[in-house]
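Sharing a structure, written as structure tokens. Questions coming.
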Amino acid sequence: QLQASGGGLVQAGGSLRLSCAASERTLSRYTMGWFRQAPGKEREIVAVISRGGGNTHYTDSVKGRFTISRDNTKNTMDLQIHGLKPEDTAVYYCAADQKYRSYDYMIKGPSGMDYWGKGTLVTVSS
């Protein structure tokens, strides 16, 4: 099971730290990522981190504001967010995938992920 937390209501320009924890799996075996889904829109990739944490990918709209990290000793993954914008308002989901080349596939989108956490809502007021 994956559990995402840390969402909330913040003003534009504010910061949040989202966390994703796994209770029954060793996350070091998985490529991990954060996705988000805004009202009326499709789920989209936000950030991806490789199994060992050495490679990361961000969608263009969050580069320089979002930082993905993981601690495999604690079985957790985080998303530090600064400079929040109203357009960042969405439900944020963490995902894990163990398949071969999962990093490359996760960058392309949400299809086929092995595991999803329940989302955490981020609302940014202007």
Side-chain angles (χ1 to χ4, degrees):
Q1 299 291 336
L2 298 178
Q3 182 65 48
S5 61
L9 173 64
V10 296
Q11 290 186 335
S15 299
L16 280 175
R17 189 175 185 89
L18 307 184
S19 294
C20 179
S23 58
E24 299 178 358
R25 290 179 177 83
T26 302
L27 288 187
S28 61
R29 300 175 181 173
Y30 296 84
T31 295
M32 301 289 296
W34 287 97
F35 294 79
R36 66 185 180 186
Q37 188 164 14
K41 295 187 177 181
E42 294 184 351
R43 192 170 299 188
E44 63 174 357
I45 183 65
V46 174
V48 180
I49 189 165
S50 59
R51 291 177 176 85
N55 292 306
T56 57
H57 168 84
Y58 299 92
T59 194
D60 286 346
S61 61
V62 308
K63 286 180 180 177
R65 300 187 297 121
F66 289 25
T67 303
I68 189 171
S69 62
R70 67 190 297 164
D71 186 338
N72 288 337
T73 65
K74 297 181 179 179
N75 248 15
T76 59
M77 174 185 65
D78 290 343
L79 186 69
Q80 180 66 54
I81 307 173
H82 296 296
L84 277 159
K85 303 176 181 180
E87 52 263 42
D88 294 320
T89 294
V91 178
Y92 284 70
Y93 299 88
C94 57
D97 193 83
Q98 195 178 11
K99 294 186 288 293
Y100 176 64
R101 296 187 63 187
S102 55
Y103 183 88
D104 295 331
Y105 290 121
M106 193 174 285
I107 288 173
K108 295 180 180 179
S111 297
M113 296 299 105
D114 288 340
Y115 302 103
W116 288 96
K118 293 183 179 179
T120 185
L121 176 63
V122 173
T123 304
V124 184
S125 62
S126 56

Quiz prompt | Main-chain N/O of Ser50 paired with Asn55 side-chain donor or acceptor, under 3.5 Å | solution = no

Exercise. Give the minimum heavy-atom separation between Ile45 and Trp34, together with the two atoms involved.
Key: CD1-O, 3.5 Å

Quiz item: What do you reckon, is CD of Gln1 surrounded by more than 12 foreign heavy atoms closer than 6.0 Å?
Solution: no

Quiz item: For Ala12 and Ser126, which heavy atoms make the closest approach, and how far apart are they?
Solution: CB-CA, 4.3 Å

Exercise. Treat each ILVMFWY residue as a node, draw an edge where side-chain heavy atoms are under 4.5 Å apart, and state whether Met106 and Val91 are in one component.
Key: yes

Practice problem: Please name the pair of heavy atoms, one in Leu2 and one in Ala22, separated by the smallest distance, quoted to 0.1 Å. | Solution: CD2-CB, 3.8 Å

Self-check item: Flag side-chain contact, heavy atom, 4.5 Å: Val48 against Met32
Solution: no

Exercise. Using a 4.5 Å cut-off on heavy atoms from C-beta on, say whether the side chain of Ile81 contacts that of Leu18.
Key: yes

Practice problem: Examine Phe66 and Phe35 and state if one hydrophobic cluster contains both, with Ile, Leu, Val, Met, Phe, Trp and Tyr joined whenever side-chain heavy atoms are less than 4.5 Å apart. | Solution: no

Quiz item: salt bridge (charged side-chain N to carboxylate O under 4.0 Å, His left out) between Asp114 and Lys99: does it pass, once the steps are laid out?
Solution: CA-CA 8 Å; Asp114 288 340; Lys99 294 186 288 293; 3.2 Å; yes

Practice problem: Please name the pair of heavy atoms, one in Thr89 and one in Pro39, separated by the smallest distance, quoted to 0.1 Å. | Solution: O-CD, 4.4 Å

Quiz item: Are Arg17 and Gln80 close enough that a side-chain donor and a side-chain acceptor fall under 3.5 Å?
Solution: yes

Quiz item: Given Asp88 and Lys85, is the salt bridge (charged side-chain N to carboxylate O under 4.0 Å, His left out) satisfied, shown in steps?
Solution: CA-CA 5 Å; Asp88 294 320; Lys85 303 176 181 180; over 6 Å; no

Quiz item: With the 4.5 Å side-chain cut-off for hydrophobic clustering, are Val46 and Val10 part of the same group?
Solution: yes

Quiz prompt | Aromatic ring pairing Tyr30/Tyr115, orientation class (parallel under 30°, perpendicular over 60°, tilted between) | solution = perpendicular

Quiz item: Less than 4.5 Å apart, any side-chain heavy atom of Arg51 and any of Tyr103?
Solution: no

Quiz item: Would you say the side chain of Cys20 lies within less than 4.5 Å of the side chain of Gln3, judging by non-hydrogen atoms?
Solution: no

Quiz prompt | Pair Ser19-Asp78, side-chain donor/acceptor within less than 3.5 Å | solution = yes

Exercise. Using a 4.5 Å cut-off on heavy atoms from C-beta on, say whether the side chain of Ile49 contacts that of Met77.
Key: yes

Quiz item: Taking all atoms of both residues into account, what is the closest heavy-atom pair of Thr76 and Ala21, and its distance?
Solution: CG2-CB, 4.2 Å

Quiz item: Does Ala38 offer a backbone N or O that forms a donor-acceptor pair with the side chain of Arg43 under 3.5 Å?
Solution: no

Exercise. Taking the six-membered ring of Tyr93 (Phe, Tyr or Trp), confirm whether the NZ or CZ of Arg36 is under 6.0 Å from its centre and within 45° of its axis.
Key: no

Exercise. For Lys63 and Asp60, work out which heavy atoms get closest and say how close.
Key: NZ-OD1, 3.0 Å

Quiz item: Are side-chain heavy atoms of Tyr58 and Arg65 found at a separation under 4.5 Å?
Solution: no

Practice problem: Look up atom CD in Gln98 and atom OG in Ser28, then write down how far apart they are to the nearest 0.5 Å. | Solution: 9.5 Å

Quiz prompt | Check: Leu16 and Leu79 side chains under 4.5 Å, non-hydrogen atoms | solution = no

Quiz item: Measuring from Leu121:CG to Gln37:CD, what's the distance to the nearest 0.5 Å?
Solution: 12.0 Å

